[in-house]
There are 2 protein chains.
Amino acid sequence: MSITIKDVAKKTGVSITTVSQILNGKGQRFSEKTREKVWSAAEELNYKANYFAQNMVTKQTQTIGVIIPDITNTFYSDMIKGIEDYLYENGFMVLLCNSTDNEERENLYLNQLVHRSVDGFIIASSTISDEMIFDLLKKNDKPYILLDRKREEHESDNIIVDDTEGGYVATEHLITLGHRNIGVITSSSSDVNVHNRFVGYKKCMEDYGLLMKEEWIMRETLSMSGGYEAAKKLLQADVSAIFATSDQLAIGVYRAASEVGVCIPEQLSLIGYDDIELASYMSPPLTTIHQPIYEIGKLAAETLIHRIMNPEEAAKNHLVKTRLVVRSSTKVL
Amino acid sequence: MSITIKDVAKKTGVSITTVSQILNGKGQRFSEKTREKVWSAAEELNYKANYFAQNMVTKQTQTIGVIIPDITNTFYSDMIKGIEDYLYENGFMVLLCNSTDNEERENLYLNQLVHRSVDGFIIASSTISDEMIFDLLKKNDKPYILLDRKREEHESDNIIVDDTEGGYVATEHLITLGHRNIGVITSSSSDVNVHNRFVGYKKCMEDYGLLMKEEWIMRETLSMSGGYEAAKKLLQADVSAIFATSDQLAIGVYRAASEVGVCIPEQLSLIGYDDIELASYMSPPLTTIHQPIYEIGKLAAETLIHRIMNPEEAAKNHLVKTRLVVRSSTKVL
DNA sequence: TTGTAAGCGTTATCAC
DNA sequence: GTGATAACGCTTACAA
């Protein structure tokens, strides 16, 4: 079988206690000589403490569970990348849970993660229920971060993106360009963040005293095809501009517009939200609201690890800024 | 603390052996009555065998390690989705390793996965060395699947995509349309699959007796920006068509073309490879070689789990077909 | 039909 | 300075 602590002990001629202590940096009390002997023996044998035996007593797994709705959406894969990069640097690994927005699957995964006693959770899901989070995590003092979902009432650390503000700025940009009939595509699900962008739109339209016709407001699944379907309808309505509350949706709009021969931005101004890498590669390049997705992932991981290391510290809120990135898909009316 | 097997035993009034046997489906020898008692007690207490204690003796983790170069590339995220969907159905979870094409990181991850004794590996990486795979996996009889890298000499199960054929078909399509000066963008790294597509290109060009100028052949990193850089140069050369060996690369070509005012497909025919979802959303929609990425991921997971369950069976090769999808980015010269 | 006891590989406590 | 030994929670020969 593989090398155990016994082998190292035998080879060095000391007890396993000694080996364990020294290898875990708790061996100040041993002589310099013994310490050296143990270290070199361990190295020579290429000894690695058995992961499971170790965890059985320490209860630590150096693992973070990440639950997201759709890995295929570059929004989430960018986020995961940020998470993973930070965790890698800090010796943690991620157990990936792609819930496909399926509540049952989400619950199952959450239970699995608890069962496998991951050290912390990053959850970017709007469908997961508060009860679930309370029962499984809060109650048992498991560190977690909720992303892509703003809930002031949660007493955990929060990464907050001011989506209402972002939605406002996007809408205002179109208004400034002279647009009055502005359509919007938002999420049909209970996605809090995306919903807030829509709230920002409404607020802005109201502030400027503009009309919002019911047929200008589309609710769809957050995907390219969702955006495509919504845009097909919007292009029948009398809108001169569209605010797509995610870049994925915006991509669908490009397709719908090109199919019916509507030119962006000449005949239709389009603004997205997220600023995924692809945005600047569309033709014309997409005007959008930038949010630092990769950094958000990184920040989430960082905050979580900090919480794990310092369980007693008070929860902190991190505010993330968005900004308007003007490219070529919007134009004065 | 949490519920252990002892609690269940105590509550039922039997020994822990009895409980363990029954709960693991090895309790035929016990009376129907005892079995029922144990089951209901376990349910009532919501008992779950401790993951680590269990693994310490069974050595099984119900976990698959997946190493990929870039989760941000929808090619890989699609693949992961396929993998994950299958594993979810079968009670496995995935430990995600995003190597960012960094060899050191890859090796570290591979070691970590071995250390955490995952039940199997899916590795989609061209930079990982054969020695590494041999030393860590082959030698220790760890089941693994190599993806996105064809190596006949490997004695593991193989998922083979005939990329040479695909590259040939792509090139032939352009030739059939009347193109003679055909540029190609391929990978600058040692990516075997992508390289084979390039091989297919060369083969086809030779078969048709066409010239291949050195300046028509671009080697770049497999990303949108890579495609963009390559296309900027190619557009200076006298090519009427470009074969981008991945859709990611092709997206970069769209941008470069639009920047210098070259119209696709009127002035430039473009064909990609992969058929990611986005391909049909580009304008004009991208002609490309379809390979069923999601299914490949699923098949890989399926094959791996089968191997884990049947370690003695002979290795199998699975051949995956590609097909040409003609959309609107290519046109007769 | 059921239970005893050994063993998995660690870490942690405490005695020497 | 060092090392027995218990404990973690489970599975599995082997007894009874």
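Convention: sequence-line order gives letters A, B, ...; per-chain numbering from 1.
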I want to confirm an ordering. Mapping B:A53 and B:V14 to their closest nucleotides on DNA chain C, which one lands closer to the 5' end?
B:V14
Whichever of B:M56 and A:T58 has its nearest DNA chain C nucleotide further upstream toward 5'
B:M56
Before giving the answer on side-chain hydrogen bond (donor to acceptor under 3.5 Å, both in side chains), spell out for A:N55 and B:Y51 the whole-Å C-alpha distance, their side-chain angles and the decisive distance to 0.1 Å.
CA-CA 10 Å; A:N55 292 148; B:Y51 183 68; over 6 Å; no
Contact class for B:T17 (heavy atom, under 4.0 Å): base, sugar-phosphate, or nothing?
base
At under 4.0 Å between heavy atoms, what does B:N55 touch on the DNA or RNA strands: base, sugar-phosphate, or nothing?
nothing
What is the separation between atom [atom1] on [X] and atom [atom2] on [N], rounded to the nearest whole Å?
X     : N     : atom1 : atom2 : value
B:I16 : C:dA5 : CD1   : P     : 12 Å
B:K33 : C:dT1 : NZ    : P     : 13 Å
B:K59 : D:dG9 : NZ    : P     : 18 Å
A:D7  : C:dG9 : CG    : P     : 9 Å

Under 4.0 Å from OP1 or OP2 of [N]: is there any side-chain N or O of [X] that close?
X     : N      : answer
A:K26 : C:dA12 : yes
A:Q54 : C:dT11 : yes
A:T34 : D:dG1  : no
A:Y47 : C:dT10 : yes
B:K6  : D:dG9  : no
B:S20 : D:dT11 : yes

Hey, do the aromatic rings of B:Y86 and B:F92 have their centres closer than 6.0 Å?
no
Identify which nucleotide among [options] has an atom closest to any side-chain atom of [X], counting heavy atoms from C-beta outward.
X     : options               : result
A:S15 : C:dT1, D:dA4, C:dT10  : D:dA4
A:T18 : C:dC8, D:dT2, C:dT13  : D:dT2
A:T4  : C:dT10, D:dA4, D:dC10 : C:dT10

How do B:R29 and B:K48 order along DNA chain D: which one's closest nucleotide is nearer the 5' end?
B:K48
Could you go step by step and tell me if B:D157 and B:T303 meet the side-chain hydrogen bond (donor to acceptor under 3.5 Å, both in side chains) rule?
CA-CA 7 Å; B:D157 303 281; B:T303 308; over 6 Å; no
